[in-house]
Amino acid sequence: MVNPERFLTDLHELRQFGASGIGKGVVRPAFSDADVAAREWLMERFEAAGLRVQVDPVGSVWGLADGPSLLLGSHSDSQPEGGWLDGALGVIAALEVARAAKESGGPAVSVVSFQDEEGRFGITTGSTIWSGAVPLETADNYTDRDGVRFETARRRMSHLVGDWVDPAQFTGFIEMHIEQGPWLDKAGEAVGVVTDIVGIRDMRITFEGEQNHAGTTPMHLRKDAVQGLIAFGTALNEMLAPVVTPSTVWTIGHVAVHPNASSIVPGKVTFSLQWRDSEAARLGQMETIIRDTAVGISANRGLSVTFGEMLGLEPVKMDGRLRDALSDAAEAYVSGKWRTMPSGALHDATNVARHVPVAMLFVPSINGVSHAFEEDTSEEDLVAGLNVLDGAVRRLTN
């Protein structure tokens, strides 16, 4: 049987790596000192649990059972300002289930903490490369916002890495995670069984105009790149309205202005645009509208526009057999306090689905907060999720 006290102790200990000093927040971006130290700590925990430890070439840490096994896990890196449970919960819950199974002579369970799920260098970088969706040689040229190359960053774990882990040894994958949204918390429900994970598209767009004096350049003669961005954001909302659903989202999340000075008309702006939906066809429709809108705005305002590399992952439906096991376990442990639901956030399970059946289990996020130091979940709900995960594993392997 799983040991809730041991599970919570490990979860709080992992939080100490990169602890922010504000609430329960952590600062543990991929390949940072805190991230590498946390992964070394996980390696010790996996080995103590009787698992064979392996670190793949991109820094994902694996605890492998002998023979065919069910794979559980998530990621342990964080956003630049992150919460203590995002990803970490799935890794430590997986460790506890695997450890308990080993102690009781139960089913073979393996564990993984994927590297850079939070996207310092891309989108779910470690699992994307492992899945074969992007070659390592391509990913090595990815850069973070400071211009650091992925190849350079992953050298920080070169003393630990070995070969790739063969996905053929896994019979399926279950990822436990906080919801990162408000629905479970608002309803007072303990867990959510995920039906599907949305697809995502992400690219950078650049408007270039004419840098000039902010005091002497008449408004009607300006080719202001930032004004182009503002006009684009407003027009895009109107243009997307006929094709999107209430669950479709799009975000301008990062903006770099040049020369970024108060007395200069900005000549260049580069910004990120990310959009998510559960239907691949709609994602494609949105891309066409986005590009056409940007081209139209640039033409009307005397700007040029360029589009960066398109990153993204397709929507993924959860495996029926794994979902049923989670649903049965949820009804057994938290009867009447669970639901089925989609995931609006992206997860490593999307990439693992290229090789094996996948499923996901959510626990509530208090007030729906995530990607922030205030992120939290009650210990009662954490333990409920652990019990449901363990119950599903036992149902799948009996």
Salt bridge (charged side-chain N to carboxylate O under 4.0 Å, His left out) with [X]: which residues, sequence neighbours excluded?
| X | answer |
| --- | --- |
| Arg39 | Asp35, Asp77 |
| Arg145 | none |
| Glu331 | none |
| Glu287 | Arg291 |

*What pair of heavy atoms forms the shortest contact from Trp84 to Lys24, and how long is it?*
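That would be CB-O, 3.0 Å.
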*I would like to know whether Tyr142 and Phe150 meet ring pair (Phe, Tyr, Trp, His ring centres under 6.0 Å); could you show each step before the answer?*
CA-CA 5 Å; Tyr142 290 171; Phe150 182 71; 7.3 Å; no
*Can you name the residues that form a side-chain contact (heavy atoms from CB on, under 4.5 Å) with Ala299, not counting sequence neighbours?*
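Applying side-chain contact (heavy atoms from CB on, under 4.5 Å) to Ala299 gives none.
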_Set of side chain to side chain donor-acceptor pair (under 3.5 Å) partners for Thr195, sequence neighbours left out_ =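 Thr195 satisfies side chain to side chain donor-acceptor pair (under 3.5 Å) with no residue once adjacent residues are dropped.
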_Partners meeting side chain to side chain donor-acceptor pair (under 3.5 Å) with His12 (sequence neighbours left out)_ =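 His12 satisfies side chain to side chain donor-acceptor pair (under 3.5 Å) with Glu379 once adjacent residues are dropped.
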*Run through the side-chain heavy atoms of Ile, Leu, Val, Met, Phe, Trp and Tyr, join any pair under 4.5 Å, and report what else lands in Ile366's cluster.*
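Answer for Ile366: none, a lone residue.
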_Linked hydrophobic residues, Val27 as query - side chain contacts closer than 4.5 Å_ =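 Members other than Val27 - counting any ILVMFWY side chain reachable under 4.5 Å - are Ile22, Phe373.
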Show me the side-chain donor-acceptor pairs of residues 304-327 shorter than 3.5 Å, one per line, residues at least two apart or across chains.
residue: Glu314; atom: OE1; partner: Arg201; partner atom: NH2; Å: 3.3
residue: Glu314; atom: OE2; partner: Arg201; partner atom: NH1; Å: 3.4
residue: Glu314; atom: OE2; partner: Arg201; partner atom: NH2; Å: 2.7
residue: Asp319; atom: OD2; partner: Arg321; partner atom: N; Å: 3.1
residue: Asp319; atom: OD2; partner: Leu322; partner atom: N; Å: 3.0
residue: Arg321; atom: NH2; partner: Leu396; partner atom: O; Å: 3.2
residue: Ser327; atom: OG; partner: Arg323; partner atom: O; Å: 3.0

*May I have all residue pairs that pass salt bridge (charged side-chain N to carboxylate O under 4.0 Å, His left out) and include part of residues 207-232, sequence neighbours excluded?*
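Qualifying pairs, neighbours excluded: none.
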N/O donor to acceptor pairs below 3.5 angstrom from side-chain atoms of residues 87-95, sequence neighbours left out:
none

